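First the structure, then my questions, so here it is.
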Amino acid sequence: MGTRLSIAAPDDLSLPRDANSYGYIRLAPDRWDADRQCLCSVLDLDNGPVRLEVAQQERGQLRAVADRALSRSEQSSVRAAMTRMLRLDETEDDIAAFHAIDPRWKTSGRGRLFRSSSLLMDMVRTVTSCNIAWSGTVLMNERFCAVLGRGGAFPSALRLARTRPGTLRSRCRVGYRDTRLIELAKLFTRGEIDEAWMTDPVTPDDAVFAFLKTLPGFGPYAAANMMQLLGRYGFLAIDSEAVRHGKQTLGLTGSEREIVSQLRARYEPFGTHKFRSYWFELWEAYEKAHGPGHLWKPATPRAKASAR
DNA sequence: GGTAGACCTGGACGC
DNA sequence: GCGTCCAGGTCTACC
């Protein structure tokens, strides 16, 4: 007999909209069930892996159903995971502040960006999204969880740190990213990545960004992407998809360098919210082309970041 | 500081 | 079915 638990959410949260705000919802062990409109995931908890289905039946509340009984401590872990993934700790005032700077998203209510249930998972997903088509990222993460994770969950830092590069390369097909991912996991096991420091509002953005760029596999794009995943939205993660958006949707012209420069100028007025302004503009273009994100099926063909 | 080339995979394409 | 080419961001060597 599984456990059912209710999770308090901000009144302005819409699960279909806010879960489908970033492509990581489509990376194992997470999944959006478009038919049942629920968020599915696998978490590795104290007593082993558990499959979860999370739905929203009423305003201000989510309901999670686990496939086995959960201890009190495990229930807290589920709540913490959902809080992180759906950014439930971003208040309505936080979102209103974004809408005050960029009113284009006030009607739709967009403001929250989906992320992973842990910092390590966000970092691995970011590294596996670099220098590869989105379909490759999806495949890598599927294999990563299937090969290394208990019950299909995301592996622990310890498990990843103890994995041989050859295993990652041959069975998870991560290519040259093998040693970078293992080194990253080792930094976690040695306590050299301090999430509290990175999320502390007192820590300057530039210090966090500089630290991220020292991590294996993290260049300017990956570090900027991690900034938004840490709730610091004042950095633009410029990749080939951003340039494509500039050309195709915004009609920018010139060399790639000139387009990047125009993109930076375009989003500069949004200050500490610029990533969200950029991202929701990009996401809106995807939804215009493919329909609402919460109706996308896993097989819907999409370009790389259209699923990000 | 800027630039070129290697890294690795999956997919598209031509034969 | 096979071989070739290409996209994608980071890293390192070199100027």
Side-chain angles (χ1 to χ4, degrees), chain A residues 22-24 26-28 115-116 119-148 160 163-188 192-193 206 208-230 232 235-249 252 254-261 263-264 267 275 278-279 282-283 285-286 289-290 297-308:
Chain A
Y22 201 66
Y24 287 5
R26 279 147 218 281
L27 296 180
R115 61 180 171 175
S116 312
L119 178 62
L120 172 64
M121 204 188 299
D122 269 338
M123 288 185 167
V124 169
R125 285 173 164 181
T126 296
V127 170
T128 58
S129 71
C130 287
N131 201 27
I132 192 161
W134 177 253
S135 58
T137 306
V138 171
L139 217 55
M140 269 190 236
N141 281 273
E142 266 175 25
R143 288 168 171 164
F144 203 77
C145 293
V147 172
L148 302 177
L160 179 54
T163 302
R164 284 181 300 200
T167 304
L168 274 187
R169 192 176 279 237
S170 62
R171 298 186 64 196
C172 304
R173 314 296 290 170
V174 302
Y176 65 88
R177 303 166 190 82
D178 54 359
T179 49
R180 296 177 190 176
L181 291 169
I182 291 167
E183 286 306 311
L184 190 60
K186 285 181 178 169
L187 291 174
F188 273 88
E192 291 174 26
I193 293 183
D206 289 341
V208 177
F209 186 65
F211 172 73
L212 287 167
K213 281 199 292 181
T214 68
L215 298 177
F218 283 79
Y221 163 76
N225 192 53
M226 277 310 303
M227 290 296 280
Q228 67 89 3
L229 291 164
L230 288 162
R232 296 173 182 266
F235 286 67
L236 281 181
I238 302 279
D239 61 356
S240 56
E241 186 63 8
V243 173
R244 188 206 57 76
H245 173 68
K247 284 182 188 169
Q248 289 184 8
T249 308
L252 304 181
S255 67
E256 186 170 323
R257 183 175 290 193
E258 287 165 342
I259 288 172
V260 168
S261 164
L263 285 170
R264 293 200 181 284
Y267 299 108
F275 181 83
Y278 154 66
W279 186 257
L282 188 63
W283 197 265
Y286 296 150
H290 302 291
K297 301 287 176 94
T300 303
R302 261 163 274 123
K304 176 179 178 178
S306 66
R308 267 186 186 168

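Below, chain A is the first sequence line, B the second, and so on; all start at residue 1. The figures here come from the full heavy-atom set of this structure, side chains too, leaving out hydrogens, waters and symmetry mates. Since we're looking at a predicted model, the values are computed, not measured.
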query = Between CD of A:Gln248 and CD of A:Glu241, what distance do you get to the nearest 0.5 Å?
reply =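 The CD atom of A:Glu241 is 8.0 Å from CD of A:Gln248, to the nearest 0.5 Å.
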With heavy atoms under 4.0 Å as the rule, sort A:Gly217 into base, sugar-phosphate or nothing.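 It contacts sugar-phosphate atoms only.
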Notebook entry, point to check: Among B:dT3, C:dG8, C:dC11, which nucleotide sits nearest the side chain of A:Ser240?
Noted result: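 Out of B:dT3, C:dG8, C:dC11, the nucleotide with an atom closest to A:Ser240's side chain is C:dG8.
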Given C:dT10, C:dG9, B:dG11, the nucleotide with the shortest approach to the side chain of A:Ser135: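 The closest nucleotide is B:dG11.
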Does A:Arg257 make a side-chain N or O approach to OP1 or OP2 of B:dT3 shorter than 4.0 Å?
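The answer is yes; a side-chain N or O of A:Arg257 sits under 4.0 Å from OP1 or OP2.
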- request: Please state how far atom CG in A:Asp178 lies from atom P in B:dA6, giving the value in whole angstrom units.
  value: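 Rounded to whole Å, this separation is 19 Å.
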Q. Out of B:dG10, B:dC8, C:dT10, which has the shortest distance to the side chain of A:Leu139?
A.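 Side chain of A:Leu139 sits closest to B:dG10.
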d(CG, A:Asn131; C1', B:dA6) in whole Å =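 It works out to 11 Å between those atoms.
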Donor + acceptor pair across side chains of A:Tyr22, A:Asn225 (<3.5 Å):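 Their side chains do contain a donor-acceptor pair, which is all the 3.5 Å distance test asks for.
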**Request:** Can you label the angle between the A:Trp279 ring and the A:Phe275 ring as parallel, tilted or perpendicular, going by 30° and 60°?
**Result:**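 Aromatic pair A:Trp279/A:Phe275 classed parallel.
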Check: How many Å lie between CD1 on A:Ile132 and P on C:dT10, as a whole number?
Finding: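 About 14 Å, once rounded to whole Å.
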Open item on the list: Counting the atoms with a prime plus P, OP1 and OP2 as sugar-phosphate, which does A:Leu168 contact under 4.0 Å by heavy atoms, base, sugar-phosphate, or nothing?
Closed with: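 It contacts nothing in the nucleic acid.
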With no hydrogens and no angle check, just 3.5 Å: does a side-chain donor-acceptor pair link A:Thr137 and A:Tyr24?
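There is no such pair (donor and acceptor under 3.5 Å, judged by atom type) between the side chains of A:Thr137 and A:Tyr24.
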Problem set entry | Distance in Å, A:Thr128 OG1 paired with A:Leu168 CG, rounded so as to fall on 0.5 Å steps |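 Spacing of OG1 (A:Thr128) from CG (A:Leu168) equals 11.0 Å.
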- prompt: A:Tyr176 side chain: which of C:dG8, C:dT10, B:dC8 is closest?
  reply: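 Selected nucleotide (nearest to the side chain): B:dC8.
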> Of the candidate nucleotides B:dG10, B:dC8, C:dT10, which contains the atom at the shortest distance from the side chain of A:Arg173?
Replying inline: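 Of the options given, the side chain of A:Arg173 lies nearest B:dG10.
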*Examine B:dC8: is either OP1 or OP2 under 4.0 Å from a nitrogen or oxygen in the side chain of A:Arg169? Give yes or no.*
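Yes, such a contact exists.
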request  = Take atom CD of A:Glu183 and atom C1' of C:dC11, then tell me their distance rounded to the nearest Å.
outcome  =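 My rounded result for the distance is 14 Å.
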Exercise. Is any side-chain nitrogen or oxygen of A:Arg143 closer than 4.0 Å to OP1 or OP2 of B:dG10?
Worked result: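 Answer is yes, contact under 4.0 Å.
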